[in-house]
J.: 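Quick one: the structure is below, and I'll ask about it shortly.
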Amino acid sequence: MDKEKNNTEQFAEQLTDRDVTAHTAALWKYKPVPESPEPYPESVCSEASSEGFEVIAASVRGKKHKHDGSNRDDAFAFDFCGGAVIAAVSDGAGSKPLSRIGAKCACDAVLNYAKIRMAAIERDIPDYREALGKAFDDPDFGKVCSELAGMLRDGCAEAYSAVEAAYEKRKELPEFEEALGRKPEIKDFACTLLISVIIPVETSNGREYLTAALQIGDGMIASFDENADFGNALVILGGADSGSFAGETEFITTEQMRSPDSLMSRTKIRRGKMTCLMLMTDGVADDYYPNDPQLLRLMLDLRLNGIKPVPAPGEDENGDTDVNIPKPAEYPWVNDSDVQYALQYTKGVLSESGITLEQLWKNKAVQGKSCLKAFDIVHEKTPKDMLQVWLDNYVERGSFDDRTLLIINVEE
């Protein structure tokens with residue numbers, strides 16, 4: 001018995017991380033979206049540009065949902081308003097059977113409300129963008145920030161009201177009672193909520209961006225300045241919001257989340273240089289832990305897989321590419337094991353080349369040599385479609401949840 005155990009341990013030690021992930025990837029089975037009241041599509045993606053902003057977003061059904069034959073529970077929404085971008089992302093609670101409906105209702109409600117409030121701010125404070133460019137201790141700056149923070153907090157209340165209305169509309173419908181084996185309850189619609197508004201402003205330091213964000217539950221909101229050095233390129237504006245017990249998260253249906261004081265503590269406002277903002281559910285955020293600095297690895301993964309462009313090397317950059325570059329890894333697609341997508345992994349580049357995350361961040365030449373394009377691999381023609389392919393197919397040990405990522409790129 002001891003000999004057999006030793007042989008097993010030796011075999012396990014010989015397996016590379018790629019071997020283990022390849023074996024695990026092949027074990028997942030696929031069941032289609034179930035016939036149920038209001039089924040949600042496997043995946044959705046969207047892309048739009050306006051006034052110096054480009055937004056790309058995608059949401060895909062997680063491996064576990066495909067394996068079990070259950071619905072995708074994530075949702076997102078975004079729009080442009082008066083030179084600003086408003087965005088929301090929500091993760092329906094996996095243990096709650098109608099959370100997908102709650103997530104979509106919450107995103108749509110907070111977006112619609114925020115657009116109305118932004119229009120009111122423009123009407124009542126015509127020079128609000130000028131005020132946001134003033135010193136942090138200027139009363140005009142504080143007044144507009146207070147309006148924006150109030151907009152986000154009131155937006156959460158609107159989101160809860162929308163979820164409550166969704167419950168009231170469906171609680172007596174026979175198809176929902178039949179699907180659940182009981183009458184629906186409000187907690188069946190539980191979901192997280194991440195919301196943000198970005199406004200370009202002119203300051204004494206030139207063009208900056210005022211970002212207001214509020215997060216209920218897990219997931220992540222992060223600001224990136226791709227022109228900054230490694231230590232200053234990432235600012236986290238919202239992180240996982242734990243509940244009363246370990247591993248528990250908060251939802252907008254939680255009574256505490258209707259407390260103004262609780263929402264105030266979850267509201268973050270920042271002004272500074274940035275090139276993009278990302279909102280993501282925990283299906284993505286948990287794969288890049290610890291988020292600081294591993295979200296910079298996320299940025300590199302997006303570059304290597306053609307979702308964001310690889311910046312050209314600067315004149316003062318070493319540009320050394322005399323390092324080992326791994327070929328993109330191929331794993332079977334859960335939906336069809338005969339189909340494989342080749343994707344490049346920053347982890348693999350770091351492992352093969354022996355360089356650090358910080359060194360790869362600085363070395364645009366190695367990034368260019370590592371990306372899919374360098375291997376003549378192009379899966380889709382648009383960033384939104386490539387984002388959907390990548391979210392649906394990248395393999396990470398222990399990762400099986402729905403994945404939703406919303407990226408707001410700003411004009412540099």
Side-chain angles (χ1 to χ4, degrees), residues 12-25 222 224-235 275-276 278 280 284-332 340-380 383 386-387 389-399 403 405 407 409 412:
E13 290 174 0
Q14 293 171 1
L15 291 176
T16 65
D17 187 69
R18 182 175 289 197
D19 292 331
V20 174
T21 51
H23 173 70
T24 304
F224 298 81
D225 181 359
E226 297 168 78
N227 300 315
D229 59 34
F230 184 81
N232 297 302
L234 171 68
V235 176
T275 58
C276 82
M278 297 188 196
M280 66 198 79
V284 177
D286 288 356
D287 293 339
Y288 293 88
Y289 184 84
N291 297 127
D292 188 1
Q294 289 302 310
L295 285 178
L296 295 179
R297 177 168 60 85
L298 167 60
M299 175 65 75
L300 291 175
D301 277 344
L302 296 174
R303 290 178 183 174
L304 298 188
N305 290 284
I307 299 154
K308 286 183 66 71
V310 176
E315 293 182 2
D316 60 343
E317 187 177 328
N318 185 335
D320 179 21
T321 59
D322 187 22
V323 296
N324 293 324
I325 304 295
K327 292 182 179 180
E330 294 188 10
Y331 299 112
Q340 294 193 335
Y341 284 95
L343 298 175
Q344 185 62 284
Y345 293 80
T346 298
K347 277 186 175 181
V349 175
L350 301 180
S351 176
E352 291 290 327
S353 66
I355 63 178
T356 65
L357 181 61
E358 181 172 1
Q359 289 170 329
L360 181 58
W361 178 263
K362 295 177 180 178
N363 199 324
K364 311 297 190 304
V366 171
Q367 293 178 37
K369 189 177 179 181
S370 306
C371 67
L372 290 185
K373 187 177 180 180
F375 291 87
D376 295 321
I377 298 172
V378 179
H379 294 305
E380 296 289 347
M386 189 58 239
L387 176 61
V389 167
W390 176 74
L391 285 172
D392 203 28
N393 290 278
Y394 81 76
V395 175
E396 182 75 23
R397 293 173 68 174
S399 175
R403 294 169 175 169
L405 178 59
I407 306 168
N409 296 311
E412 298 184 45

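Excluded from the calculations below are hydrogen atoms, water molecules and symmetry mates; all remaining heavy atoms, backbone and side chain alike, are included.
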J.: For the backbone of V366 and the side chain of S370, can you confirm whether one donor and one acceptor N or O come within less than 3.5 Å of each other?
T.: yes
J.: For side-chain contact (heavy atoms from CB on, under 4.5 Å), just list the numbers for L296 and Y288, CA-CA rounded to whole Å, side-chain angles, deciding distance to a tenth of an Å, and then say yes or no.
T.: CA-CA 9 Å; L296 295 179; Y288 293 88; over 6 Å; no
J.: Without swapping roles, check the side chain of N393 against the backbone of V389 for a donor-acceptor pair under 3.5 Å.
T.: yes
J.: With heavy-atom distances below 4.5 Å as the criterion, would you say the side chains of L387 and L302 are in contact?
T.: yes
J.: Between Q367, Q344, R297, which is the residue that forms a side-chain contact (heavy atoms from CB on, under 4.5 Å) with V349?
T.: Q344
J.: Just so I know, are the side chains of N291 and L234 near enough to count as touching, which here means a heavy-atom distance under 4.5 Å?
T.: no
J.: Once rounded to the nearest 0.5 Å, what's the spacing between atom CG of L357 and atom NZ of K347?
T.: 11.5 Å
J.: Side chains of V395 and Y345: does their closest heavy-atom pair fall under 4.5 Å?
T.: yes
J.: Does R303 count as lying over the ring of W361, i.e. NZ or CZ under 6.0 Å from the six-ring centre, within 45 degrees of the axis?
T.: yes
J.: Tell me the closest heavy-atom pair linking R403 and S399, and the distance in Å.
T.: NH2-OG, 2.8 Å
J.: Would you confirm whether H379, through its side chain, and N305, through its main-chain N or O, come within 3.5 Å as a donor-acceptor pair?
T.: no
J.: What's the verdict on side-chain contact (heavy atoms from CB on, under 4.5 Å) for M386 and V378, showing C-alpha distance, side-chain angles and the deciding distance?
T.: CA-CA 9 Å; M386 189 58 239; V378 179; over 6 Å; no
J.: Please name the pair of heavy atoms, one in E226 and one in C276, separated by the smallest distance, quoted to 0.1 Å.
T.: OE2-SG, 4.3 Å
J.: With sequence neighbours left out, what residues match D286 under side-chain contact (heavy atoms from CB on, under 4.5 Å)?
T.: D282
J.: Between N409 and K308, is there a side-chain heavy-atom distance shorter than 4.5 Å?
T.: yes
J.: Show the numbers, then the answer: is there a side-chain contact (heavy atoms from CB on, under 4.5 Å) between W390 and D301?
T.: CA-CA 9 Å; W390 176 74; D301 277 344; 4.0 Å; yes
J.: Looking at every non-hydrogen atom in both residues, tell me the closest pair between I307 and P383 and how far apart they are.
T.: O-CB, 3.9 Å
J.: Just checking, any donor-acceptor pair under 3.5 angstrom between side chains of D392 and Y341?
T.: no
J.: Side chains of L372 and L304, heavy atoms from C-beta outward: is any pair under 4.5 Å?
T.: no
J.: Are a donor atom and an acceptor atom from the side chains of D287 and Y394 found within less than 3.5 Å of each other?
T.: yes
J.: Is any side-chain heavy atom of L405 closer than 4.5 Å to a side-chain heavy atom of M278?
T.: yes
J.: Within a reach of under 6.0 Å around OH of Y289, are more than 12 heavy atoms found that belong to other residues, nucleotides or ligands?
T.: no
J.: What is the minimum heavy-atom distance between A342 and P328, and which atoms define it?
T.: CB-CB, 4.0 Å
J.: Could you tell me which non-hydrogen atom of A374 sits nearest to which non-hydrogen atom of G368, and how far apart they are?
T.: CB-O, 3.4 Å
J.: Do K369 and V323 touch side chain to side chain, with heavy atoms closer than 4.5 Å?
T.: no
J.: Given side chains that start at C-beta, do those of F224 and I407 come closer than 4.5 Å, heavy atoms only?
T.: no
J.: Between the side chains of N324 and S353, is a donor N or O closer than 3.5 angstrom to an acceptor N or O?
T.: no
